[in-house]
Protein chains: 2
Amino acid sequence: MPAMSTIIGYKLRRAQLHVFQDFIGTFSKLKLRPAEFSVLTIIANTPGLKQSEIAEMLGIKRANFVALMDGIEKRGLAERRKADTDRRSHSLHLTPEGEKFVRKMAAVWAEHETRLIERLGGARERDRLIELLDRLIEPAGQ
Amino acid sequence: MPAMSTIIGYKLRRAQLHVFQDFIGTFSKLKLRPAEFSVLTIIANTPGLKQSEIAEMLGIKRANFVALMDGIEKRGLAERRKADTDRRSHSLHLTPEGEKFVRKMAAVWAEHETRLIERLGGARERDRLIELLDRLIEPAGQ
DNA sequence: CGAAAAATGTTTTATATCATAACATTATAG
DNA sequence: CTATAATGTTATGATATAAAACATTTTTCG
């Protein structure tokens, strides 16, 4: 049998758990979990998307997205707006408070990401890692 | 805000989920989950280790390891033996049937891993990926 | 030696994550 | 206009993970 240390899936899982632990620790001051971070990031970058669209982008079942978005909305960071073109759907937008929060979030994220890049040995290695991971995800590299 | 596609932790998570989906699909014929695969691999490579030692290697809480090992033992693939040097602990060993199973497992795993290596672009890229992931896990690169 | 502390495996419990089914409302197709 | 599909939601079950408490056994050390 191959050694565990050479198995791609195993190494990926361990690295992902380790990085998420760093993330969770770094973001404990903002009480923000990775899923919430990713939702806020997408809303900040592309406001107005439908709930289902964001859920699908992130690989989250729309049923499970509801509670996630409830929490974000209850904290006053983002809001659902009824789209008048399609009154079934909710388009998602940051609140003014959410805009402020996202700026803080970006600073905390930079702290976290910089630490990871240092571990990797530089931005060049980061780019190489992203490229290799994209090849694994392929073909839908979003 | 940075695009999600450039965020290390996010890309890592997506790649890991994708690879695990491939793993689960490939191993459905053996009805084997990733955690069971890793336990059997370690027992095959280093028989006689204590339950706690294997659990810790894999980052599994020893409380959660119990049910995992129960399942493996009930399938007749491995067994707990009371160590006479320390009668608290159980040392883990494959059964003869487990030895046969592990050989089948290795063949199925090669099929899965080969597909991943092709996606990456070759063994060289695989090695590079493992190296980068190790840097993230650091310093305990097991 | 003998008592306190630690290690090992186990059970129980709580929490978080993820998938599935069913439903009401609204939009679209034919 | 009716049948079908899409959207958000609720409810439920399965799985993964973490923590606490316990019995048994070993180790520590006064």
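Chain letters run A, B, ... following the sequence lines, proteins first and then strands; every chain starts at 1. Atoms considered below: every heavy atom in the structure, side chains included; atoms not considered: hydrogens, waters and symmetry mates.
Residues B/Q51 and B/R62 bring no donor and acceptor atom of their side chains to less than 3.5 Å of each other. Using modelled atom types, one finds a donor on one side chain and an acceptor on the other under 3.5 Å when comparing A/R115 with A/T26. For A/H93 and A/S91, the side-chain atoms include at least one donor-acceptor pair closer than 3.5 Å.
Less than 6.0 angstrom separates the ring centroid of A/F37 from the ring centroid of A/F23.
With B/D134 as the partner, the salt bridge (charged side-chain N to carboxylate O under 4.0 Å, His left out) test is satisfied by one option alone out of A/R119, A/R14, A/K11: A/K11. When each of B/R81, B/K82, B/K50 is tested with B/H90 by the rule side chain to side chain donor-acceptor pair (under 3.5 Å), just one qualifies, namely B/K82.
Under the 4.5 Å side-chain criterion, counting only non-hydrogen atoms from C-beta, A/K29 is in contact with A/V108. Residues B/F101 and B/L30 form a side-chain contact, since some pair of their non-hydrogen atoms from C-beta on lies under 4.5 Å apart. Within the 4.5 Å cutoff, the side chain of B/L12 has heavy atoms near those of the B/L136 side chain.
Residues of residues 66-74 of chain B having a heavy atom closer than 4.0 Å to DNA chain C, listed by number: B/V66.
In this structure, B/F65 places its CZ atom 17 Å from C1' of C/dT11, rounding to the nearest Å. In this structure, the CZ atom of A/R62 is 12 Å from the P atom of C/dA21, given to the nearest Å. Between the P atom of C/dA6 and the NZ atom of B/K50 lies a distance of 16 Å, rounded to the nearest Å.
If you take CZ on A/R75 and CD on A/E97, they are separated by 9.5 Å, rounding to the nearest 0.5 Å.
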In B/S/- notation (B base, S sugar-phosphate only, - none; protein heavy atoms under 4.0 Å), nucleotides 24-30 of chain C written 5' to 3' is -BBS---
Per-nucleotide protein contact string for nucleotides 13-19 of chain D, where B marks a base within reach and S marks sugar-phosphate only (heavy atoms under 4.0 Å, - for neither): ---SBBB
